[in-house]
Amino acid sequence: MCGIVGIVSTQYVNQALYDALTVLQHRGQDAAGIVTFQNDRFYLRKDNGLVRDVFLAPHMRRLVGNVGIGHVRYPTAGSASSAEAQPFYVNSPYGITLAHNGNLTNADDLARDLFRTDLRHINTNSDSEVLLNVFAHELQKLGKLNPTKDEIFSAVSAVHKRCRGAYAVIAMITGYGIVGFRDPNGIRPACYGVRETEEGNEYMIASESVSLSAAGFRLVRDIAPGEAVYVETDGTLYTQQCAESSRLNPCIFEHVYFARPDSIIDKVSVYKARLRMGETLADKILRECPDHDIDVVMPIPDTSRTSALQMAHRLGVKFREGFIKNRYIGRTFIMPGQKLRKKSVRQKLNPIDLEFRGKNVMLVDDSIVRGTTCHEIIQMARDAGARKVYFASAAPPVRYPNVYGIDMPSPQELIAHDRTVREIQELIGADWLIYQDLDDLISCVSDVNPDIEGWECSVFDGYYITGDVDDAYLARLDAMRRDEAREASQVGVPSDNAIIDLHNDED
Ligand SMILES: O=P(O)(O)OC[C@H]1O[C@H](OP(=O)(O)OP(=O)(O)O)[C@H](O)[C@@H]1O
Ligand SMILES: NC(=O)CC[C@H](N)C(=O)O
Ligand SMILES: [Mg+2]
């Protein structure tokens, strides 16, 4: 679930891009990149690491120009190597750089066509490099020295015809401007905003509205599914629907876990949606167990805080912070490798024993995916002296892989896959486990914006909206990307600092 941003400004954009990426850091912790443009030259810095580690003062000084794009990465395709950090660059036509959030489901076919038919070379295993080359090829085919907005929109239309899967994209075209677009289902989020200055309007396109508000941009609106927003370097903005048919089916997991609560996505306040998740979950508890003996409700920081607070309120039970989060440890779910994830849960969360001793505690998390967090946490609660440990998930059981930009490629790694709730309860060691129902989750988000036509809920119901994901595709994905397969493929591979890549700036 990467984060993307692009800015057209009346002044240098380096600091504004850096700040926006910091605000989007929760969407990707593996790598970060910024590219700016000035006087016929791109200036690129990208590497593995957090935003604060990748961009040091000398890098920032050299990222000159009033136009630029940025990316924070959480890999879902290819490898975690710095060579696959984004933005990607292609020199023809014009010089284009691109930042992508999502995952293409036909990347292999496209890569083959790009080589055989379009005579283009792809240098990594990243689907985002494929996407960039499809866009570049479609723009090049038009054969114009100075592309107009219509030609740029027509290249986006061609991308929609060729690419399948999920993609929210921001591309920068040398000397012309930035273009942002969303796939025809609008699976991944993207919005744009404006900042009025004396020198003229400045625009930002970004994954989440929080990066606009933090930088003083006013949210104009979300990019519609299939639509493109093109901002020229002089600040002129054009929008156009570029897909033949489109229907808004945003990813529901953004509201459960990925997005920041202070973002508004497709006119739904993530915060409000999470409050409602807490309410509906409390109602289910009261339905199933009206005589419950819960003494205290506790969130598993960070994401479940909002839902847990509202759940306690609805139940009329005390809300307590029993786990303290180490503010220097990032999100564990998006860390690469199970060993690191497991170790990090213990480093990240520490119990306050007096809140547990002799009590029946209801622990609340936003979701249970691999079960890494709840397994560790329940043991910690017992060690801290809890009498009974109950566990509630604000999302339904995650039973199916994700192919649209969340790195959950393998059903075997999902604790709820092929298991009943009772079996999961035993496996994680809880005295009672309760999950949100999918209909309730959908109503928590839909009631906030009834205009949303459908939700991308594949991790809960196994239905893949793009219609091209079959068992054979899922089996290939599993074989290629499950943890063991990735670990095995790393044997004998040089460490990251030995990686040689193209287009990267010096350290
Ligand atoms: O069942 P699992 O595989 O452990 O995945 C689910 C957990 O991972 C996430 O937390 P994370 O630490 O990534 O982020 P947070 O601090 O935003 O809650 C999520 O909020 C759950 O706590
Ligand atoms: N999580 C994402 O959006 C990933 C983008 C792209 N598929 C990559 O792996 O870099
Ligand atoms: Mg969490």
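Counting starts at 1 for both ligands and their atoms, following the listed order. Because the structure is predicted, anything quoted here is derived from the model rather than measured.
Contact annotation for Glu84 and ligand 2: no heavy atom of the residue comes within less than 4.0 Å of the ligand. Heavy atoms from both the backbone and the side chain of Cys2 come within less than 4.0 Å of ligand 2. Under 4.0 Å from ligand 1, heavy atoms of Thr373 appear from its side chain as well as its backbone. Contact annotation for Arg73 and ligand 2: only side-chain heavy atoms (C-beta onward) come within less than 4.0 Å of the ligand. Within the 4.0 Å heavy-atom criterion, both parts of Thr303, backbone and side chain, lie near ligand 1. Within the 4.0 Å heavy-atom criterion, the part of Asp127 lying near ligand 2 is the side chain and not the backbone. Only the side chain of Lys348 comes within contact range of ligand 1, with a heavy atom under 4.0 Å; no backbone atom does.
Between Val369 and ligand 1, a contact under 3.5 Å exists for at least one N or O pair. Ligand 1 has no N or O atom lying under 3.5 Å from any N or O atom of Gly330, backbone or side chain. Residue-to-ligand polar distances keep Ser367 apart from ligand 1: every N/O pair is separated by 3.5 Å or more. The N/O atoms of Phe333, backbone and side chain alike, include one that comes under 3.5 Å of an N/O atom in ligand 1.
Nearest protein heavy-atom neighbour of atom 20 (O) of ligand 1: Asp366 OD2, 2.5 Å.
Atoms of ligand 1 lying under 4.0 Å from any heavy atom of Gly371, numbered from 1 in the order shown and given with element: 1 (O), 2 (P), 3 (O). Each of the atoms 7 (N) of ligand 2 lies under 4.0 Å from some heavy atom of Asn103. Annotation for ligand 2: atoms under 4.0 Å from non-hydrogen atoms of Pro75 are 9 (O).
Across Asp365, Leu414, Leu349, heavy-atom proximity to atom 21 (C) of ligand 1 is greatest for Asp365. Closest heavy-atom approach to atom 6 (C) of ligand 2 among the candidates Ala107, Ser128, Gly405: Ser128.
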